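Since this is a predicted model, take the numbers as computed values, not measurements. One-based numbering, in listed order, for ligands and for the atoms of each.
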Amino acid sequence: MKQCNWCNNNFKPSVTYQVYCSVECRNSATKEKIVARYSITRRQKKKNKPRKCAGGCGITLSVYNDDSLCNSCKINNKDVAKVLKKIKGIVRDSKDN
Ligand SMILES: [Zn+2]
Ligand SMILES: [Zn+2]
């Protein structure tokens, strides 16, 4: 017999790694874990010191921004990629001619 990690009921596990007596218990425990993790990451984010954008623009990133770049630098990067594609296209075109 094992004791359920959630409701402390004794149960007979059908698999050795089973730690909850029922699907309901497992779901409740999973939900609580997710909520706990969510509140921890939120707390950690609030504790974070202000970070500067890695794009070199000097902008301080929002604590809710998980990226290392600010929004405008992210857009710039997209533009850069677009321009690079265009340049590659031009090079290819001229080779074909
Ligand atoms: Zn249970
Ligand atoms: Zn930036």
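- Angle SG (Cys70) to the Zn ion (ligand 2) to SG (Cys73): 110°, rounded to 10°.
- To the nearest 10 degrees, the angle centred on the Zn ion (ligand 1) between SG in Cys25 and SG in Cys7 reads 110°.
- Side-chain polar atoms of Glu32 and Ser28 form no donor-acceptor pair below 3.5 angstrom.
- The neighbour count for Lys2 NZ, taken as heavy atoms of other residues, nucleotides or ligands under 6.0 Å away, is above 12.
- Atoms SG of Cys57 and SG of Cys53, as seen from the Zn ion (ligand 2), are separated by an angle of 110°, to the nearest 10°.
- Using a 4.5 Å cut-off on side-chain heavy atoms (C-beta onward), Gln18 and Phe11 make contact.
- Here the side chains of Cys57 and Cys70 are in contact, with some heavy-atom distance below 4.5 Å.
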